[in-house]
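Here the structure comes first, spelled out in structure tokens, and everything after it is commentary.
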Amino acid sequence: MALQIFNVLGREKQLFQPIEPGFVRMYVCGLTVYDYAHIGHAKNYIAFDVVVKYLRHSGYNVLYVQNITDVGHLRDDGTDPIIKKALRAQSAPMQIVEMYARSFFEDMDALGVIRPDISPRASAHIPEQIKMIQTLIRKGHAYEVNGSVYFDVTTDPDYGKLSNRRIDAQQAGSREEIRGEKRNPEDFALWKNAEPEHILRWDSPWGEGFPGWHIECSAMAKKYLGDTFDIHGGGIDNMFPHNESEIAQSECANDADYARFWMHVGSLTVDGMKMGKSLGNFVTIKDALKRYRPEVIRMFVQSAHYSSPIDYSDDAVQGVARGHERMMNAVRLTRRALATAPQTDDGNAILAAVEKARADFTAAMDDDFNTPLATAALQELTREVNALLNSGTTVGASVLKAIAETYDQLGGAVLGIIPATDDSAAGNASREAGLIELLIKLRSEARAAKNWKESDRLRDELAALGVILEDRADGTVWKVN
RNA sequence: GGCGACGUAGCCAAGUGGUAAGGCAUGGGUCUGCAAAACCCUGACCACCGGUUCGAAUCCGGUCGUCGCCUCCA
């Protein structure tokens with residue numbers, strides 16, 4: 001079975017085939033860097049991280065571009081949040097941009113989100129944007145008024161094809177207060193004349209100003225991916241007006257299709273409500289990472305399909321954490337057993353389950369990146385693996401290797417929910433591990449002498465330090481929590 | 001008002017025509033010095049009404065409810 005992707009453009013699942021065989025060009029709208037990234041951003045970028053990783057796992061070469069918006073993304077009151085923050089902090093706008101851009105990458109690194117191949121900044125691509133705007137003016141799709149340039153939506157009969165929002169002819173040119181200096185209320189800015197207090201400004205053929213938010217993505221996507229590319233992603237809240245306007249600008253300027261597949265990620269709410277500073281339910285990625293390990297956060301946001309909304313709550317994440325722990329126990333058992341396993345294929349009956357898990361996983365991911373179903377395949381495998389490795393029977397190295405590789409490749413490299421190494425993995429020669437092993441040995445001696453008081457004390461005190469012991473038939477194992 | 005999404009067991013959630021995956025929680029069991037872990041068993045006829053069909057959670061119409069966007073937002 002081949003990869004199917006739900007294309008928002010057309011609202012149907014379509015067979016995915018890149019323009020150039022084997023090579024995927026992909027653009028995802030990046031963050032506007034004026035504050036710390038929150039778990040809603042985490043959901044979005046983890047989703048595309050998995051898309052990129054699965055495409056690569058499937059053999060595609062992927063060129064992944066994700067921009068950084070550092071200018072032009074105005075709020076509804078017309079202010080630029082970056083400038084606002086800079087004035088408050090008495091620093092330069094680009095200091096603010098740098099600080100939060102770095103923070104964003106730190107967060108993504110911590111979450112195991114692979115960095116894009118190119119992270120272009122809007123402010124570094126002003127010439128490209130100006131050029132594109134000039135093309136739009138020349139072709140009659142844009143007009144200049146008082147140093148600002150607007151896109152005339154009535155010149156693009158396709159405007160609205162992504163969001164299904166068609167321009168209402170009745171509305172066009174109606175009320176002066178909505179329209180302002182624009183020809184139509186729906187027209188959007190390509191370039192804005194800078195008021196004196198607007199400190200982020202550049203020279204342009206229309207005077208000093210700054211670019212509109214939408215043109216940035218169009219210009220950067222064109223520069224790095226060409227006029228037409230394979231996948232464009234973003235949060236569903238960007239569908240209108242941002243993505244719709246990108247399409248209009250690019251297709252009118254380039255006389256070519258823009259992105260062939262559009263993917264939108266569902267929003268994340270916190271305790272049933274939209275995240276907001278004023279609501280006091282704003283959860284940054286840094287906050288979440290203090291509470292949960294990154295793999296758990298990843299598994300949580302992948303517990304629903306990427307296009308669905310999801311609600312973040314401690315109860316929900318905790319439930320996922322328990323399931324994750326069960327899977328990790330199986331992974332640890334496998335890795336530990338592998339270190340001392342005989343070179344046989346004992347226990348190879350489980351290979352059928354391994355193969356089934358791999359097939360189910362692939363089928364699920366091929367069906368529009370169905371991560372909940374793909375995860376279920378690994379969980380079913382986990383049940384089999386736990387049953388086998390707790391049964392006391394000998395399992396050969398080749399069998400254990402097949403299991404370990406399945407976890408590493410599918411759960412690790414693709415979903416990012418299984419770390420490549422674990423503190424308690426066999427072969428860890430660190431001093432801390434050695435000390436823990438020593439204490440376990442002392443406790444084992446106490447247990448052999450049926451000195452339960454002493455053995456329980458050692459276990460309890462280790463637990464207080466975050467080291468959890470489990471007594472198994474073949475010895476005591478440990479893990480950190 | 002316009003555009004769109006959703007409503008599946010206590011909770012999360014997959015499933016778009018053929019008698020409901022998976023996870024968490026609950027209860028019972030096995031194992032264990034105890035604990036922990038693990039495994040086994042344990043649960044829903046899919047918001048409601050009507051229609052299409054041999055057959056629908058799945059298609060169509062309607063009702064109720066929740067949410068997103070339309071204005072900055074991933």
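A, B, ... follow the sequence lines: proteins, then strands. Residue 1 opens every chain.
- For B:A21, there is no paired base (Watson-Crick or G-U wobble, both distances below 3.5 Å).
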**Message:** Walk me through whether A:Y224 and A:H125 qualify under ring-ring contact (aromatic ring centres under 6.0 Å, His included).
**Reply:** CA-CA 11 Å; A:Y224 298 108; A:H125 297 77; 5.5 Å; yes
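- Separation of the A:H232 and A:F261 ring centroids does not fall under the 6.0 Å cut-off.
- Atom pair A:D460:CG and B:C34:C1' shows a separation of 11 Å (rounding to whole Å applied).
- Pairing of B:G50, defined by two Watson-Crick or G-U wobble distances under 3.5 Å, is identified with B:C60.
- Between A:M365 atom CE and B:A14 atom P the separation is 14 Å, expressed in whole Å.
- Separating the CD atom of A:Q302 from the P atom of B:G23 is a distance of 17 Å, rounded to the nearest angstrom.
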Can you tabulate the close N/O pairs, meaning under 3.5 Å, that link protein atoms to atoms of nucleotides 3-9 of chain B?
residue, atom, partner, partner atom, Å
B:C3, O2', A:S163, O, 3.1

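- Between A:H305 atom NE2 and B:U16 atom C1' the separation is 14 Å, expressed in whole Å.
- Between the CD atom of A:E380 and the P atom of B:G22 there is a distance of 5 Å, given to the nearest Å.
- Summarising the local packing, CZ of A:R11 is surrounded by more than 12 heavy atoms from other residues, nucleotides or ligands at distances under 6.0 Å.
- Among the protein residues, A:D311 comes within range of no part of the nucleic acid, since none of its heavy atoms lies under 4.0 Å from any strand.
- Of the residues in residues 103-121 of chain A, not one comes within less than 4.0 Å of RNA chain B through any heavy atom.
- When heavy atoms are screened at a 4.0 angstrom cut-off, A:G234 is found touching the sugar-phosphate backbone but no base atom.
- The partner of B:G1, taking Watson-Crick or G-U wobble pairs whose two distances both stay under 3.5 Å, is B:C70.
- The number of heavy-atom neighbours closer than 6.0 Å to NZ of A:K286, taken from other residues, nucleotides and ligands shown, is above 12.
- Contact annotation: A:N390 side-chain N/O to B:C39 OP1/OP2 distance is not under 4.0 Å.
- Straight-line distance between the C1' atoms of B:C67 and B:A47: roughly 15 Å, to the nearest whole Å.
- Residue A:H264 contributes atom NE2, which lies 13 Å from atom P of B:C70 at whole-angstrom precision.
- Taking the six-membered ring for Trp and the full ring otherwise, A:Y34 and A:Y100 have centroids separated by 6.0 Å or more.
- Within the 4.0 Å cut-off from OP1 or OP2 of B:G15, at least one side-chain nitrogen or oxygen of A:N370 is found.
- With rounding to whole Å, A:R322 atom CZ is found 4 Å from B:A25 atom P.
- Between A:R326 and the phosphate of B:G23, there is a side-chain N or O to OP1/OP2 separation shorter than 4.0 Å.
- Comparing B:U52 with B:G17, their C1' atoms are spaced 12 Å from each other, to the whole Å.
- Nucleic acid contact class of A:G30 (heavy atoms, under 4.0 Å, all strands): sugar-phosphate only.
- Across all strands shown, A:Q379 has heavy atoms under 4.0 Å from sugar-phosphate atoms exclusively, and none from any base.
- The side chain of A:N329 contributes no N or O atom lying less than 4.0 Å from OP1 or OP2 of B:A37.
- Looking only at atom types and distance, the side chain of A:Y292 has a donor-acceptor partner in the side chain of A:D314 under 3.5 Å away.
- Taking the six-membered ring wherever Trp is involved, the centroid distance between the rings of A:F48 and A:Y306 does not fall below 6.0 Å.
- Separating the NZ atom of A:K182 from the C1' atom of B:U71 is a distance of 11 Å, rounded to the nearest angstrom.
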